[in-house]
Amino acid sequence: MKSTINLFLLFIISVSAFAQNNLEVEISTKRLVRDVYFLASDSLGGRKFPHKGSQIAAEYIASEFEAINLKPIPNNPKAYFQEMPVTKLDKGETRIFANKIPPVAGFYYSFAATKPISDSLTQPIKYWGKSTPPHHNLGDTIVHIYGKTMDDAMAHLEEIASKTDAKSFAISLPTKRNKRFIRRELTASRYSYPNSMLIRSSSEWLYHHLPKTDDTLRVFMFNKELTGDFFEKSIKSLNKASAKVGKENRSTSFPISQVTYKTDFFIKTDTLFDKNVIGYIEGTDLKDEVIIIGGHYDHLGRMPDGYCLGADDNASGTAGVMELARMCAQAQSNGFEFRRSIVFMAFCAEESGLNGSMYYANNPVFPLDKTVMIINMDMIGRPDNRPNKPGYAYTTPIGFGKVKRPTKRLLRKVDRQMSNTEFYLKQDFPENIMWLMGSDHFPFHRKGIPALIVTTGTHADYHKSTDTPDKINFRNMANVLKAMFVLITDIATEADKYPLREKE
Ligand SMILES: [Zn+2]
């Protein structure tokens, strides 16, 4: 660790530009160091849900919110935690034997069932084209469904399931689509968030799209290699035969083959809770209007190259949220009047697809039409694109409308004032497009809320085990927060200058 002396400096800000003079607030790089080193420590294991490290991080943030007397979420028994249900899909052993070789899920097949199941089957597979098969003895048959798309196939499956006693299904799609769908399995998470933006695994997709019924339904998809082994035909000729039946709309059964296979599978579901951490400072005459200061606290956990500790991504932004909370709380207790309320949010599950912020945007604690702006900090500790140069941060406003001009003007002013501290605020982020959808401001932006991204940008250690706390520039972080504090106080007091967006 170098330049230790600099790391422990205290900054004093005087915000004299406002009606309320003599505001003195401390920014402590010492606290930033403490928070970043704790959040990015080995024992937190990269803060990935459901590892206990993500839970410890959430509790650490909440206990700090409590220590500085932030108000918890109103009428919430969990105080600072906004809990979000996460469905856990456990796949036990799913083994399908083809020529005695157990194939790999994701390469060769995908499978889902509506209920926990442990089973072993020997059944013929039959095909009825687009029509509904006759309602007899289908409990001992795997009904084959060929669809142009998954939606197409599932609609047919649902119809057959509702009109017959069929319980087992095999779906196939045009060859390429079939393969692509099954391969989702390999990269997908076992944890399923509400409204997830990420593509779900194939088995999870199947699980969610199977009809809700008291029966235990099961559905298979086979990739062409495996289909060949089972059907002694290529999937192409199989699909061709199936399509022909479909076109002629034949209603008689069409046995594809009499196949024997064994599966031994088990799917169980469990509901866990991931959590956003939320606390706020209540404003005065405009307390129903809120400004959100956010940053995600989760990271990637264990990756092939080791634990990703996520010091910059995003222990830095999380520490920033906490430090701004302390600064605002201190300002308020020194008599500074925030007219609007300031809400501090540490988001969970950003890395798995903006799930925490998405959940908040769909289940807001404070009305979205009274939310003036979100300031989202993601990676604010690594201004090292410019070694030995002054520090900086990019501040990119998205969807600002009327508040864009005053915000940009203020940021320019802060930039000028801070240039003597060797720090610059840049307003035209080169990776603008990537960042539009890339972090927790995006779900807010989609709801029409002005969103300011604050970041020092990506670097060579991004999403690697080498994103460690010793590389963080704490002085730069302190400068970023100093600038944001000035902006926050302005937005929280100058309501006319930063109006709420107009309702459509
Ligand atoms: Zn991030």
For this session: Using the side-chain hydrogen bond (donor to acceptor under 3.5 Å, both in side chains) rule, take Thr149 and Asp151 through it: C-alpha gap first, then chi angles, then the decisive distance, then the call.
Result: CA-CA 5 Å; Thr149 64; Asp151 289 334; 5.2 Å; no

For this session: Give a yes or no answer on whether the side chain of Glu158 reaches the backbone of Leu210 with a donor-acceptor pair at less than 3.5 Å.
Result: no

For this session: Without swapping roles, check the side chain of Ser316 against the backbone of Ile380 for a donor-acceptor pair under 3.5 Å.
Result: yes

For this session: Check for a donor-acceptor pair, side chain of Asp440 on one end and backbone N or O of Glu350 on the other, with a separation under 3.5 Å.
Result: no

Exercise. Around atom NZ of Lys212, are there more than 12 heavy atoms of other residues, nucleotides or ligands at under 6.0 Å?
Worked result: yes

For this session: Using a 4.5 Å cut-off on heavy atoms from C-beta on, say whether the side chain of Ile453 contacts that of Ile398.
Result: yes

Exercise. From Tyr37 OH over to Leu309 CG, what is the distance, rounded to the nearest 0.5 angstrom?
Worked result: 11.5 Å

Problem set entry | Side-chain touch Ile281/Lys71, heavy atoms, less than 4.5 angstrom | no

Problem set entry | Side chain to side chain, Phe423 and Val480, heavy atoms closer than 4.5 Å | yes

Seminar exercise, completed: Taking every heavy atom of Ala346 against every heavy atom of Ile61, the minimum-distance pair comes out as CB-CD1, 3.8 Å

Exercise. Leu206 versus Phe111: any side-chain heavy-atom pair under 4.5 Å?
Worked result: no

For this session: Show your reasoning for whether side chain to side chain contact (heavy atoms under 4.5 Å, CB included) applies to Tyr307 and Asp42.
Result: CA-CA 8 Å; Tyr307 280 107; Asp42 290 341; 5.9 Å; no

For this session: Identify whether the distance between the nearest side-chain nitrogen and carboxylate oxygen of Asp298 and Lys275 falls below 4.0 Å.
Result: no

Seminar exercise, completed: Tightest non-hydrogen contact, residues Leu44 and Ala57, listed as CD2-CB, 3.8 Å

For this session: Indicate yes or no: does Arg382 engage Asp461 in a salt bridge with an N to O separation below 4.0 Å.
Result: yes

Exercise. Parallel, tilted or perpendicular: which fits the ring planes of Phe181 and Trp205, with parallel below 30° and perpendicular above 60°?
Worked result: perpendicular

For this session: Kindly state whether the ring of Phe444 and the ring of Phe442 have centres lying under 6.0 angstrom apart.
Result: no

Exercise. For the side chain of Lys471 and the backbone of Thr466, is there at least one donor-acceptor N/O pair under 3.5 Å apart?
Worked result: yes

Problem set entry | Exam field: side chain Thr271 to backbone Thr87, donor-acceptor pair closer than 3.5 Å | no

Exercise. How many angstroms lie between atom CZ of Arg501 and atom NZ of Lys370, to the nearest 0.5 angstrom?
Worked result: 11.5 Å

For this session: Please name the residue in the list His296, His441, His445 that meets the side chain to side chain donor-acceptor pair (under 3.5 Å) test with Asn376.
Result: His441

For this session: Please confirm whether the backbone N or O of Gln55 pairs with a side-chain atom of Arg47, one donor and one acceptor, at under 3.5 Å?
Result: no

Exercise. Considering only heavy atoms from C-beta outward, does the side chain of Pro50 approach that of Asp274 to under 4.5 Å?
Worked result: no

Exercise. For the atom pair OG1 (Thr29) and CD1 (Ile27), what is the distance rounded to the nearest 0.5 Å?
Worked result: 9.0 Å

Problem set entry | Sidechain-backbone polar pair: Ser168 side chain, Arg218 backbone, donor-acceptor under 3.5 Å | no

For this session: For residues Phe347 and Tyr359, establish whether the separation of their ring centroids is below 6.0 Å.
Result: no

Exercise. Looking only at heavy atoms, which two atoms of Gly320 and Leu481 are closest? And how far apart?
Worked result: CA-CD2, 3.6 Å

Exercise. Just by distance, do the side chain of Thr456 and the backbone of Met379 share a donor-acceptor pair under 3.5 Å?
Worked result: yes

For this session: Please report the C-alpha distance between Ile171 and Phe220 in whole Å, then the side-chain angles of each, then the deciding distance to 0.1 Å, and finally whether the side chain to side chain contact (heavy atoms under 4.5 Å, CB included) criterion is met.
Result: CA-CA 6 Å; Ile171 291 178; Phe220 303 88; over 6 Å; no

Exercise. Are any of the side-chain heavy atoms of Val290 and Val372 separated by less than 4.5 Å?
Worked result: no

Problem set entry | Working for salt bridge (charged side-chain N to carboxylate O under 4.0 Å, His left out), residues Glu64 and Arg326 | CA-CA 9 Å; Glu64 191 63 14; Arg326 289 185 284 251; 2.7 Å; yes

Problem set entry | Side-chain donor-acceptor pair present, Asn314, His299, cut-off under 3.5 Å | no

For this session: Take Leu452 and Thr396, measure what side chain to side chain contact (heavy atoms under 4.5 Å, CB included) needs, and give me the verdict at the end.
Result: CA-CA 6 Å; Leu452 188 75; Thr396 303; 5.9 Å; no

Exercise. Can we call the ring centroids of Tyr109 and Phe222 under 6.0 Å apart?
Worked result: no

Problem set entry | From CA spacing to verdict: side chain to side chain contact (heavy atoms under 4.5 Å, CB included), Val365, Gln82 | CA-CA 9 Å; Val365 171; Gln82 180 186 40; 4.0 Å; yes

Exercise. What's the shortest heavy-atom distance between Ile142 and Phe169, and which atoms?
Worked result: CG2-C, 3.7 Å

Problem set entry | Closest contact, heavy atoms only, Gln330 versus Glu26 | OE1-N, 3.0 Å

For this session: Apply ring-ring contact (aromatic ring centres under 6.0 Å, His included) to Tyr280 and Phe366, showing your working.
Result: CA-CA 10 Å; Tyr280 72 106; Phe366 303 94; 5.0 Å; yes

Exercise. Closest heavy-atom contact between Ala40 and Ala311?
Worked result: CB-CA, 3.7 Å

Problem set entry | Distance-only side-chain donor-acceptor flag, Asn276 / Tyr80, under 3.5 Å | no

Exercise. Where the side chain of Asp467 meets the backbone of His463, is there a donor-acceptor pair that is under 3.5 Å apart?
Worked result: no

For this session: Report yes if the side chains of Ile375 and Ile292 come closer than 4.5 Å at any heavy-atom pair, otherwise no.
Result: no

Problem set entry | Under 3.5 Å: donor-acceptor pair, side chain of Arg302, backbone of Gly45 | no

For this session: Output the distance between atom OG1 (Thr371) and atom CD1 (Ile449), rounded to the nearest 0.5 Å.
Result: 4.5 Å

Exercise. How long is the span from the CE atom in Met150 to the CG atom in Asn178, to the nearest 0.5 Å?
Worked result: 8.5 Å

Exercise. Could Glu351 and Lys48 be called an ion pair, given the rule that one side-chain N must be under 4.0 Å from one carboxylate O?
Worked result: no

For this session: Using distance alone, with no hydrogens and no angle criterion, decide if Ser352 and Asn355 have a side-chain donor and acceptor under 3.5 Å apart.
Result: yes

Exercise. Below 4.5 Å, heavy atoms only, C-beta onward: do Met477 and Val36 meet side chain to side chain?
Worked result: yes

Problem set entry | From OG1 (Thr455) to NZ (Lys426), nearest 0.5 Å | 12.5 Å

For this session: Just say parallel, tilted or perpendicular for the rings of Tyr394 and Tyr392, cut-offs at 30° and 60°.
Result: perpendicular

